[in-house]
Amino acid sequence: MDALWNFVSDRRQQLLTDSYLHVSAVVQSIVIATIVAVLVGILVYRSPAGSAVATALASTILTIPSFALLGLLIPILGLGVAPTITALVLYALLPIIRNTIIGLASVDPAVTDAAKGVGLNRTKILTRIEMPLAWPSILAGMRVSTQMIFGILAIAAYAKGPGLGNLIFSGLSRVGSPNAVPQALVGTVLIVILALIVDGLLVLVGRLTTSRGLRD
């Protein structure tokens, strides 16, 4: 424990920087993935065939090992942030696409029929009724994707990506030296803590952006 505490004390500035970069990369990836996934979900949710194809394609991406996907992206995008964010966005798509489709498809047809009856057009029905009703489901998909890519980002150190993965890889590569285990352990624990904090913030966002009737 003394070695662990000494490592944290000596490297606190680096740990703060790496933690910030880790969270920043995850947040950017989730924002991009949510925009893409929600647009895809809106386009296909009324079509069973389209929904199946979109879900199958996103599922196929998720089956590709992280090292393999990064290895495919590096010759195209180089090392660093670009392949890292691209990989994270691709991995984050499936839960959000699936939950967007489920959320939109589960809106009661009687509600949309009533909206048509009072003169709302297709766009207004989508933005004012269907999307707010589907939002809790979409947010649940975002939470799943966020937790998933927090861990995947650690592997992106292979592609010189940002975040705490570099700390873990550096520690594992120097196993046997005094600071190797504390370094890897601190990086791992910080990822878990940050993932829980961000998940808590998403829960708070959900409570603030979901109507009380839907929460209850």
Side-chain angles (χ1 to χ4, degrees), residues 22 25-113 122-123 125-127 129-159 161 163 165 191 195 198-199 202-203 205-206 209-210 214:
H22 203 98
V26 168
V27 171
Q28 292 177 60
S29 301
I30 285 296
V31 170
I32 296 170
T34 299
I35 293 171
V36 173
V38 170
L39 289 175
V40 171
I42 289 172
L43 290 174
V44 305
Y45 81 98
R46 289 181 174 272
S47 167
S51 298
V53 169
T55 303
L57 289 175
S59 299
T60 300
I61 294 172
L62 202 57
T63 63
I64 303 174
S66 305
F67 278 113
L69 182 57
L70 288 167
L72 293 172
L73 292 173
I74 288 172
I76 303 171
L77 301 175
L79 296 170
V81 174
T84 299
I85 298 297
T86 302
L88 294 182
V89 169
L90 291 173
Y91 280 126
L93 289 175
L94 176 60
I96 307 175
I97 288 177
R98 184 174 56 198
N99 280 35
T100 300
I101 293 171
I102 292 172
L104 291 172
S106 64
V107 175
D108 190 344
V111 176
T112 56
D113 288 341
R122 183 73 194 89
T123 301
I125 290 173
L126 176 65
T127 56
I129 296 173
E130 292 178 323
M131 284 300 294
L133 291 174
W135 172 240
S137 178
I138 295 171
L139 185 62
M142 292 171 61
R143 289 178 62 191
V144 172
S145 293
T146 300
Q147 298 302 297
M148 181 171 61
I149 66 174
F150 253 105
I152 294 174
L153 178 54
I155 301 173
Y158 164 72
I191 289 174
V198 172
D199 187 60
L202 286 175
V203 171
V205 168
T209 58
T210 304
L214 291 177

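All values derive from a computational prediction rather than experimental measurement.
Here the straight-line distance linking atom OG1 of Thr100 with atom OH of Tyr45 works out to 11.5 Å at 0.5 Å rounding. Interatomic distance, CG of Leu104 versus CG of Leu126, reported as 6.5 Å (0.5 Å rounding). Distance check, rounded to the nearest 0.5 Å: CD1 of Ile102 to CD1 of Ile97 gives 12.0 Å. With rounding to the nearest 0.5 Å, the separation of CD1 in Ile96 from OG in Ser137 is 11.0 Å. Separation of atoms CD1 (Ile149) and CG (Leu88) is listed at 5.0 Å; rounding is to 0.5 Å. Between atom CG of residue Leu39 and atom OG1 of residue Thr34 there is a gap of 10.5 Å, rounded to the nearest 0.5 Å.
The shortest heavy-atom contact between Leu72 and Pro75 is O-CD, 3.4 Å. Annotation for Ser145 and Ala92: closest pair OG-O, 2.7 Å, computed over non-hydrogen atoms. Closest approach of Ile74 and Ala159 over heavy atoms only: CD1-CB, 3.9 Å. When all heavy atoms of Pro136 and Thr210 are compared, the pair lying nearest together is CG-CG2, 3.8 Å.
Residues forming a side chain to side chain contact (heavy atoms under 4.5 Å, CB included) with Ile85 (at least two apart in sequence, or on another chain): Ala25, Ser29, Ile32, Val81, Val89. For Ala156, the side chain to side chain contact (heavy atoms under 4.5 Å, CB included) partners two or more places apart in sequence, or in a different chain, are Leu70, Thr84, Leu153. Residues satisfying the side chain to side chain contact (heavy atoms under 4.5 Å, CB included) criterion with Val53, sequence neighbours excluded, are Leu57. Residues passing the side chain to side chain contact (heavy atoms under 4.5 Å, CB included) test with Ala68 are Ile64, Pro65, sequence neighbours excluded.
Sorted by first then second residue, the salt bridge (Lys or Arg N to Asp or Glu O under 4.0 Å) pairs that include residues 137-148, not counting sequence neighbours, are Arg143-Asp199. Contacts classified as ring pair (Phe, Tyr, Trp, His ring centres under 6.0 Å) and involving residues 136-156 (residues at least two apart or in different chains) are given here: His22-Phe150. Residue pairs that meet the side-chain hydrogen bond (donor to acceptor under 3.5 Å, both in side chains) test with at least one member in residues 50-64, sequence neighbours left out, do not exist here. Applying the ring pair (Phe, Tyr, Trp, His ring centres under 6.0 Å) test to every pair with at least one member in residues 62-99, sequence neighbours left out, gives these pairs: Phe67-Tyr158. Residue pairs that meet the salt bridge (Lys or Arg N to Asp or Glu O under 4.0 Å) test with at least one member in residues 83-95, sequence neighbours left out, do not exist here. Residues in residues 30-59 take part in these salt bridge (Lys or Arg N to Asp or Glu O under 4.0 Å) pairs, two or more places apart or across chains: Arg46-Glu130.
Proximity of a side-chain donor or acceptor of Ser47 to a complementary backbone N or O of Val44 within less than 3.5 Å is not detected.
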